[in-house]
There are 2 protein chains.
Amino acid sequence: MRPASEQLLQRISDRLKGMADPMRLRILHTLQDGEKCVNEILTEVGGSQANVSKHLGVLKRTGLVECRREGVSIYYRIEDPAVFAICRTVCDSLERHVSNEMQEIEAGRAEMMVGAS
Amino acid sequence: MRPASEQLLQRISDRLKGMADPMRLRILHTLQDGEKCVNEILTEVGGSQANVSKHLGVLKRTGLVECRREGVSIYYRIEDPAVFAICRTVCDSLERHVSNEMQEIEAGRAEMMVGAS
DNA sequence: AGCAAGTATAACCACTCGGTAATATACGAC
DNA sequence: GTCGTATATTACCGAGTGGTTATACTTGCT
């Protein structure tokens, strides 16, 4: 097994950390259908202007989004669609997890029924 | 586009946060080839016992690993191999990112050369 | 130049996080 | 029971995070 260099691990965890926030996930999600300026993002995801701007800064620093200026507006767009693949993978995993929980609950219930007089 | 419920976003970000740390990635990586007890993990990933134990706690709370007791030892194992798919996706994305940077540097250099007398 | 709109930044606060050192717990051997 | 080993937990600290409010910056318009 490869030793998985410290640098690589650091970069992976940075990127994951960049995504690991509900507000930022909302922003990424709303950018899924094309670039949008801050105002549009703001009305779609809610929250204060300063807060959204800060989260956009985090996303930009992390390399998850890019932006360009057009007049007085600044348009943000997804820099790497891999984000969505990651989200999908996590969602699938969560679904499996939940269905496992359900099965265990079912099994537990069945066992209780056997034990019951 | 689906509104992507607040709960789901919270769970996704929790899971990402659970992975978003170099030490935890190292632990997950070392568990890739089967379950290991804390001592084994400890010697493979380094760091203090308390620290590794705490990170293992985080991984367990997040639902990324499971554990079982065998005598005095406690064996941990990956609960959901989706972790590796996520890492692979991030790595691929990083590689693309880096190669883009390289191209831009190359392009920039070429331009400079043109400008030079 | 001055003003307004869009966006970013600074200062601050409560809170979480990653780390360490020390202590507690659980188990097996004796 | 005591002792030693394996692991978890506690208490603490410095650093970072997510949020708010207020302020600054940048651009277009007049």
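So you know, we letter chains A, B, ... as the sequences are listed, proteins then strands, and number each from 1.
- Counting to the nearest Å, the C1' atom of dG6(C) and the CG atom of L42(A) are 10 Å from each other.
- At whole-Å resolution of the value, CG in L16(A) and P in dG18(C) are 13 Å apart.
- The side chain of N51(B) approaches dT20(C) more closely than any other nucleotide in the set dT9(C), dT20(C), dT7(C).
- Residues C67(A) and K17(A) each lie close to DNA chain C; by heavy-atom proximity, the contact nearer the 5' end of the strand is made by C67(A).
- Taking side-chain N and O atoms only, Y76(A) has a distance below 4.0 Å to OP1 or OP2 of dA8(C).
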For nucleotides 27-30 of chain C, tabulate all protein N/O to nucleotide N/O atom pairs closer than 3.5 Å, reporting atom names and distance.
none

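- Comparing V58(A) and I74(B) by the nucleotide of DNA chain D whose heavy atom lies nearest to each, the residue mapping closer to the 5' end is I74(B).
- R68(A) has its CZ atom 12 Å from the P atom of dT7(C), to the nearest Å.
- Taking atom CE on M19(A) and atom P on dG18(D), their separation rounds to 14 Å, with Å as the unit.
- At a cut-off of 3.5 Å, with distance as the only test, no side-chain donor of S13(A) or D21(B) sits close to an acceptor on the other residue.
- You'll find the side chain of D80(B) stays beyond 4.5 Å of the side chain of L64(B), heavy atoms only.
- Judged purely by distance below 3.5 Å, without hydrogens or angles, the side chains of T62(A) and K17(A) never pair a donor atom with an acceptor atom.
- Side-chain atoms of I27(B) and V52(B), non-hydrogen and from C-beta on, do get closer than 4.5 Å to each other.
- Summarising the geometry, the separation between NZ on K54(A) and P on dT17(D) is reported as 10 Å, rounded to the nearest angstrom.
- Across the interface with DNA chain D, nearest-nucleotide mapping of A50(B) and G47(A) shows A50(B) to be the residue nearer the 5′ end.
- Residue N39(A) places at least one side-chain N or O closer than 4.0 Å to OP1 or OP2 of dG6(C).
- At least one side-chain heavy atom of K60(B) sits under 4.5 Å from a side-chain heavy atom of Y76(B).
- Residue S73(A) places none of its side-chain N or O atoms closer than 4.0 Å to OP1 or OP2 of dG6(C).
- Closest to the side chain of L56(B), from the set dA8(D), dT20(D), dT7(C), is dA8(D).
- Between R24(B) atom CZ and dT16(C) atom P the separation is 15 Å, expressed in whole Å.
- V83(B) has its side chain within reach of M19(B): a pair of non-hydrogen atoms, C-beta onward, lies under 4.5 Å apart.
- Here the side chains of L42(B) and Q49(B) are in contact, with some heavy-atom distance below 4.5 Å.
- Side-chain contact between R69(B) and Y75(B): absent, with no pair of heavy atoms (C-beta onward) separated by less than 4.5 Å.
- Dashed line: the shortest gap from a side-chain N or O of H55(B) to OP1 or OP2 of dC17(C) is not under 4.0 Å.
- D21(B) places its CG atom 14 Å from the C1' atom of dA15(D), with the value rounded to the nearest Å.
- A donor and an acceptor atom sit less than 3.5 Å apart, one in the side chain of Q49(A) and one in the base of dA8(C).
- When the P atom of dT7(D) is taken as reference, atom CD1 of I27(B) falls 13 Å away, rounded to whole Å.
- Annotation: of the two residues near DNA chain C, R61(B) and S53(A), the 5′-most nearest-nucleotide partner is S53(A).
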